[in-house]
Peer 1: 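Before anything else, here's the structure in question.
Because only heavy atoms are used, hydrogens play no part in the values below, and waters and symmetry mates are left out as well, while side chains stay in.
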Amino acid sequence: MPDVINTVLDVAPGDRLDRIRDSRPAAKENSQRTYDALFTPVDAADVTRVERLAVAAFVSRLHRQEELADHYAVALGAVDANLLALVVAQADAGSATGPYGVYAETGLAAESSDGPRFAVSEEGAVELGSRLSAALEHAHLLVFRPREASPEALQALLDAGWSTTGVVTLSQLVAFLSYQIREVHGLRVLATTEA
């Protein structure tokens, strides 16, 4: 498979970003291997490819990372254009700046910041189903309120029909997307700064 970061950033062989990425070959290779493992898994029984793409389209849009949002939107749209429209509508409804949440630790309590709590709309939940609705709500929690992740949040996924393996995979996916988004942003900044 072509390197996804090179693709979304339109990196040409030998250009500045190509040289920067090639200076860290293990990081480049591991980033692509993780992408491949998450989006073309050997076994997608617990989290389907469509679910993975829906979560990726949602998370990248929440982060307002245009290149990756476009990448995942195109991939999801090619499989299910109707689902893409539903996911985009939910991401737009869940748009925030964050991070938010309450610290339980006394020394950090002053850094607590309240903000919106996302729930898929009633209409959206009917169209998306309980399983994908729960996944999007959990992804939003991890993006904007990570300090409030809890056993109850994980139980909500299990109650919606996710397996334990599916919950782990979903969390890995959101974590990888957060990394990938930061990688693309960092490379975009490097592309516009002087050597």
Side-chain angles (χ1 to χ4, degrees), residues 27 30-31 33-35 37-39 41 44-48 50-66 68-69 72 76 86-189:
N30 289 332
S31 180
R33 282 185 176 186
T34 303
Y35 174 85
L38 287 168
F39 291 100
D46 291 289
V47 186
T48 68
V50 171
E51 289 169 331
R52 293 165 194 250
L53 290 173
V55 169
F58 180 76
V59 168
S60 57
R61 192 165 178 97
L62 287 178
H63 279 279
R64 298 182 189 117
Q65 207 312 307
E66 188 176 313
L68 286 170
Y72 290 117
L76 179 58
L86 295 170
V87 167
V88 165
Q90 293 305 314
D92 290 348
S95 182
T97 54
Y100 302 108
V102 177
Y103 282 106
E105 301 84 1
T106 308
L108 297 173
E111 294 183 33
S112 295
S113 173
D114 198 19
R117 284 174 169 72
F118 174 74
V120 170
S121 68
E122 211 171 286
E123 180 182 323
V126 169
E127 294 172 320
L128 292 168
S130 61
R131 184 177 157 92
L132 193 49
S133 294
L136 297 185
E137 289 172 358
H138 188 71
H140 193 279
L141 171 78
L142 295 178
V143 170
F144 289 114
R145 308 182 80 82
R147 66 186 77 144
E148 293 181 5
S150 65
E152 293 78 19
L154 298 176
Q155 188 60 52
L157 290 168
L158 296 172
D159 292 346
W162 289 89
S163 67
T164 302
T165 299
V167 170
V168 171
T169 301
L170 178 62
S171 297
Q172 288 173 329
L173 177 60
V174 175
F176 171 73
L177 290 163
S178 294
Y179 156 78
Q180 188 183 49
I181 286 162
R182 283 160 179 76
E183 181 180 13
V184 168
H185 176 76
L187 288 167
R188 179 61 72 210
V189 169

Peer 1: With rounding to the nearest 0.5 angstrom, report the OG1 to CG distance, Thr164 to Asp46.
Peer 2: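 Reported value, rounded in 0.5 Å steps: 9.0 Å.
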Peer 1: Hey, could you give me the NE2/CD distance between His185 and Gln65, rounded to the nearest 0.5 Å?
Peer 2: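 Rounded to the nearest 0.5 Å, the NE2-CD separation comes to 8.5 Å.
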Peer 1: Could you check if a side-chain atom of Leu173 sits within less than 4.5 angstrom of a side-chain atom of Phe39, using non-hydrogen atoms only?
Peer 2: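 SC-SC contact between Leu173 and Phe39 confirmed.
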Peer 1: Would Arg52 and Thr169 count as a side chain to side chain contact (heavy atoms under 4.5 Å, CB included) if you check the C-alpha gap in whole Å, the side-chain angles of each, and the deciding distance to 0.1 Å?
Peer 2: CA-CA 9 Å; Arg52 293 165 194 250; Thr169 301; 3.8 Å; yes
Peer 1: Supply the atom-to-atom distance Glu183 CD to Phe176 CZ, rounded to the nearest 0.5 angstrom.
Peer 2: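 CZ of Phe176 is found 7.5 Å from CD of Glu183.
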Peer 1: Checking side-chain contact (heavy atoms from CB on, under 4.5 Å) against His63, which of Ile181, Val184, Leu68, Leu177 comes through?
Peer 2: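 Of Ile181, Val184, Leu68, Leu177, side-chain contact (heavy atoms from CB on, under 4.5 Å) with His63 is met by Ile181 alone.
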Peer 1: Mind checking what makes ring-ring contact (aromatic ring centres under 6.0 Å, His included) contact with His140, not counting sequence neighbours?
Peer 2: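 Listed in chain order: Phe118, Phe144.
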Peer 1: Heavy-atom count around Glu66 CD within 6.0 Å, excluding the residue itself: above 12?
Peer 2: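 It does not: Glu66 CD has 12 such atoms or fewer within range.
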Peer 1: To the nearest 0.5 angstrom, please state how far the CG atom of Leu53 sits from the OG1 atom of Thr48.
Peer 2: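 One gets 8.5 Å once the value is rounded to the nearest 0.5 Å.
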Peer 1: Any idea which heavy atoms bring Ala160 and Ala134 closest together, and the distance?
Peer 2: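 That would be CB-CB, 3.5 Å.
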Peer 1: Output the distance between atom NE2 (His138) and atom CG (Leu154), rounded to the nearest 0.5 Å.
Peer 2: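 The NE2 atom of His138 sits 5.5 Å away from the CG atom of Leu154.
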Peer 1: When you measure from the side chain of Ser171 to the backbone of Val167, do you find a donor-acceptor pair of N or O atoms at a distance under 3.5 Å?
Peer 2: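 Yes.
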Peer 1: Could you check whether any side-chain heavy atom of Val47 comes within less than 4.5 Å of a side-chain heavy atom of Trp162, counting everything from C-beta outward?
Peer 2: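 Contact flag for Val47/Trp162 side chains = yes.
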Peer 1: Search all heavy atoms of Ala91 against all heavy atoms of Leu62 and return the closest pair with its distance.
Peer 2: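 Scanning both residues completely, I find the closest heavy atoms to be O-CD2, 3.6 Å.
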Peer 1: Are Glu123 and Ser121 linked by a side-chain donor-acceptor pair shorter than 3.5 Å?
Peer 2: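 Per modelled atom types, Glu123 and Ser121 side chains form no pair under 3.5 Å.
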Peer 1: Shortest non-hydrogen contact from Leu141 to Ala149?
Peer 2: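 In this case the closest contact between Leu141 and Ala149 is CD2-CA, 3.9 Å.
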Peer 1: Without hydrogens or angle criteria, can the side chains of Ser95 and Arg64 be said to hold a donor-acceptor pair below 3.5 Å?
Peer 2: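 A pair is found: one side chain offers a donor N or O, the other an acceptor, under 3.5 Å apart.
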Peer 1: Report the distance from atom CD of Glu137 to atom CG of Leu132, rounding to the nearest 0.5 Å.
Peer 2: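 Nearest 0.5 Å value for the CD-CG distance: 10.0 Å.
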Peer 1: For a 4.5 angstrom cut-off between non-hydrogen side-chain atoms, does Arg145 reach Asp114?
Peer 2: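 They are in side-chain contact.
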Peer 1: If you look at every heavy atom in Val120 and Gly124, which pair is closest and at what distance?
Peer 2: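 In terms of heavy atoms, the two residues are closest at CG1-C, 3.6 Å.
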Peer 1: May I have all residue pairs that pass salt bridge (Lys or Arg N to Asp or Glu O under 4.0 Å) and include part of residues 92-106, sequence neighbours excluded?
Peer 2: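 The answer is Arg61-Asp92.
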Peer 1: With distance as the sole test, does Arg147 use its side chain to make a donor-acceptor pair with the main-chain N or O of Tyr103 at under 3.5 Å?
Peer 2: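 No, the answer is negative, given that no donor and acceptor are paired below the 3.5 Å cut-off.
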Peer 1: Taking all atoms of both residues into account, what is the closest heavy-atom pair of Leu76 and Ala57, and its distance?
Peer 2: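 Answer, listing the atom of Leu76 first, then Ala57: CD2-CB, 4.2 Å.
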Peer 1: Please report the shortest heavy-atom distance between Ser60 and Ala56, naming the atom on each side.
Peer 2: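 So the two residues come closest at OG-O, 2.7 Å.
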